[in-house]
Student: 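Pasting a structure here, questions to come.
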Amino acid sequence: MRYVSTRGDAPVLDFGDVLLEGLAADGGLYVPAELPAISQSDLADFASLPYHEVAARMLEPFVAPSLHVDDLASLTRDAYSTFAHPDVVPTSELSTGDHLTELYWGPTLSFKDVALQLLGRLFEHELARRGTFMTIVGATSGDTGSAAIEACRDRAGIELVMLHPAGRVTEIQRRQMTTVDSPNISNVAIDGTFDDCQDLVKALFADRPFRERMRLGAVNSINWARVAAQTVYYATTAVRLGAPANAVSFCVPTGNFGNVLAGDVARRMGVPIDRLVVATNHNDILARTHRTGEMAIAEVRPSTSPAMDIQVSSNFERLLFELGGRRGAALAADMARFRTEDALALSPDVLAGLRAGFDAGSASEDEVSTTIAAVNESDGRLIDPHTAVALTVARRDAPAGGTSTPMAIMSTAHPAKFGEAVFEATGIEPELPPALAALADRDEHLTALPNDLATLRDFVTAAGLQ
Ligand SMILES: *Cc1c(COP(=O)(O)O)cnc(C)c1O
């Protein structure tokens, strides 16, 4: 499998390079030169296989020839053994007939674990194969930080420095990061905002000699390996709900467009998926783009689903590349215009392609709260606000009279991770799962630093492997 950049001007690479590189040298994102196909008989087999074996089967064509199939199989087995449910990604059904794909059974109770538990192991394996190391520096406003830390802790060849804005993440989120006691993990609380943290990370990466000396790397959602890992649960859910004989639709709470893009990739590979519904909170750039044909940045407003408080959805570029006929130079020009003008009109063809494969909608904060309360009322069950965004959009925009195609809602976080919003909506405090409850008694490990690049550079130098 060879990978090409969406902007058409970066070297063609194999999986191992794409894994460690992340972003392409031309600023684009790597995508496979050609997608592998899944046959009906593959899908029929999936019904009787455990999740980690389906993952190995689906990912094999993406990782060859960098990674041997036996090694891949042992990495997927190991990665998904950390999940607290025997099905890894189970499905459940509400009394209203909506299906939930439960993506929150990993170590940090968010869907990020599904990709990152595998990504950390893929990094470790590839670094050992090359006899090298990497220093991962990231910034988090909450969810990604703890999932990345759990994915990388105690892994050989990896040093991870995770920045968060001091006092601006929830106590649970902070403790999920800082109570990890591992020699290769450093938590840094920056005296500033999340944007300050991101600017510091960007400035570190822009310092070329530093970046090369430290072998800086990232775990952000533009890494193709994350997208590939996320195709797996579309297949396992579809099979459970009637594939290959019948198609399934999905409604996906969306921020960076990584999860729903993986659904589109699964569909292109041959998983029988009918509609993919893009669900946003009031930060609705994607729903507006779908409606108006213009991708226009607005100001980010905080919400109860903070993992979706995003205006620029980086993975959307991969869909634009596909819908635009894989023309890298043209997309590079479009993205340059989008950068300077904060807006981009989609061509009629691209817009038609978007509408042919996707629906889109947004949920207000009131609707999210109402949906959480309604599910508690109908099913005695608590859902988190990200899941509620998707359920709101799925129910509101469902075709009248129903359809024979089942709809699965991507449930991306455990309600206890967003207990405040759940309590506001229902008056019920979600019970902390044992893994979270135990955090309260553990020691925290973190370093407070000022919002200053030179200080951070010294800190990373001291932490790094070199
Ligand atoms: C990251 C995240 C999302 C958004 O996923 P994208 O792949 O960025 O679209 C939704 N819900 C939760 C809980 C998340 O952590």
Side-chain angles (χ1 to χ4, degrees), residues 32 35-62 76 79-80 83 85-94 96-106 111 113-115 118 226-254 257-279 315 318-319 322 356-360 387 390-391 393-395 397-399 402-412:
L35 280 182
I38 297 173
S39 67
Q40 295 253 323
S41 78
D42 288 330
L43 285 165
D45 289 354
F46 289 175
S48 57
L49 294 178
Y51 188 88
H52 68 87
E53 285 185 31
V54 177
R57 286 268 295 267
M58 280 189 71
L59 299 180
E60 185 188 341
F62 289 112
T76 59
Y80 296 117
F83 281 56
H85 194 288
D87 293 340
V88 179
V89 179
T91 47
S92 54
E93 189 172 356
L94 299 178
T96 40
D98 310 283
H99 299 271
L100 299 184
T101 297
E102 300 179 0
L103 295 166
Y104 52 74
W105 291 89
F111 114 93
D113 291 326
V114 182
L118 184 60
R226 279 180 70 171
V227 175
Q230 290 167 185
T231 62
V232 177
Y233 49 76
Y234 283 91
T236 57
T237 301
V239 165
R240 230 177 268 142
L241 299 183
N246 297 306
V248 178
S249 293
F250 290 92
C251 186
V252 190
T254 306
F257 208 76
N259 194 354
V260 67
L261 179 86
D264 188 53
V265 172
R267 181 164 61 182
R268 289 172 194 274
M269 289 168 70
V271 178
I273 295 171
D274 181 19
R275 307 302 296 165
L276 287 167
V277 185
V278 177
N315 272 296
R318 286 189 164 113
L319 181 64
E322 217 56 70
F358 298 83
D359 297 309
T387 308
L391 188 55
V393 171
R395 284 180 174 174
D397 300 345
T403 143
S404 55
T405 306
M407 170 74 80
I409 313 298
M410 288 295 176
S411 182
T412 51

Student: Does T76 reach the main-chain N or O of H52 with its side chain, forming a donor-acceptor pair under 3.5 Å?
Tutor: yes

Student: Over all heavy atoms of both residues, which pair between T231 and M58 is shortest? Give the atoms and the distance, please.
Tutor: OG1-CE, 3.6 Å

Student: Does R275 reach the side chain of T405, with side-chain heavy atoms less than 4.5 Å apart?
Tutor: no

Student: Quick check: closest heavy atoms across Q230 and G258, and the distance to 0.1 Å?
Tutor: NE2-O, 3.2 Å

Student: If you round to the nearest 0.5 Å, how far is CZ of F358 from CZ of F257?
Tutor: 4.5 Å

Student: Minimum heavy-atom separation for C251 to M407, with atom names?
Tutor: N-SD, 3.7 Å

Student: Contact between V114 and F83 at the side-chain level, heavy atoms closer than 4.5 Å - yes or no?
Tutor: yes

Student: Distance check, rounded to the nearest 0.5 Å: R240 atom CZ versus Y233 atom OH?
Tutor: 13.5 Å

Student: Which heavy atom of Y234 sits nearest a heavy atom of N259, and at what distance?
Tutor: OH-O, 2.9 Å

Student: From S249 OG over to I273 CD1, what is the distance, rounded to the nearest 0.5 angstrom?
Tutor: 8.5 Å

Student: Mind checking salt bridge (charged side-chain N to carboxylate O under 4.0 Å, His left out) for D42 and listing every partner two or more places apart, or none if nothing turns up?
Tutor: R57

Student: Nearest 0.5 angstrom please: S411 OG to D98 CG, how far?
Tutor: 11.5 Å

Student: For the CD atom of E53 and the OG1 atom of T236, what is their distance to the nearest 0.5 Å?
Tutor: 13.5 Å

Student: Give the table of side-chain donor-acceptor pairs shorter than 3.5 Å for residues 260-272, with sequence neighbours excluded, one pair per line with atom names and distance.
Tutor:
unit_1, atom_1, unit_2, atom_2, d
D264, OD1, R267, NH2, 3.0
D264, OD2, R268, NE, 2.8
D264, OD2, R268, NH2, 3.2
R267, NH1, D274, O, 2.9
R267, NH1, G357, O, 2.9
R267, NH2, G357, O, 3.0

Student: Considering non-hydrogen atoms only, spot the tightest contact between P32 and L35 and give its length.
Tutor: CG-CD2, 3.9 Å

Student: Given L118 and Y80, is the side chain to side chain contact (heavy atoms under 4.5 Å, CB included) satisfied, shown in steps?
Tutor: CA-CA 8 Å; L118 184 60; Y80 296 117; 3.9 Å; yes

Student: In Å and rounded to the nearest 0.5 Å, what is the CD1 to CZ distance from I38 to F46?
Tutor: 5.0 Å

Student: Please walk me through it: do H99 and T237 pass side chain to side chain contact (heavy atoms under 4.5 Å, CB included)?
Tutor: CA-CA 10 Å; H99 299 271; T237 301; over 6 Å; no

Student: Would you check if the side chain of S48 reaches a backbone N or O of D45 as a donor-acceptor pair within less than 3.5 Å?
Tutor: yes

Student: Does S41 reach the main-chain N or O of S39 with its side chain, forming a donor-acceptor pair under 3.5 Å?
Tutor: no

Student: What closest approach, in Å, do A229 and L59 show between heavy atoms, and which atom pair accounts for it?
Tutor: N-CD2, 4.0 Å

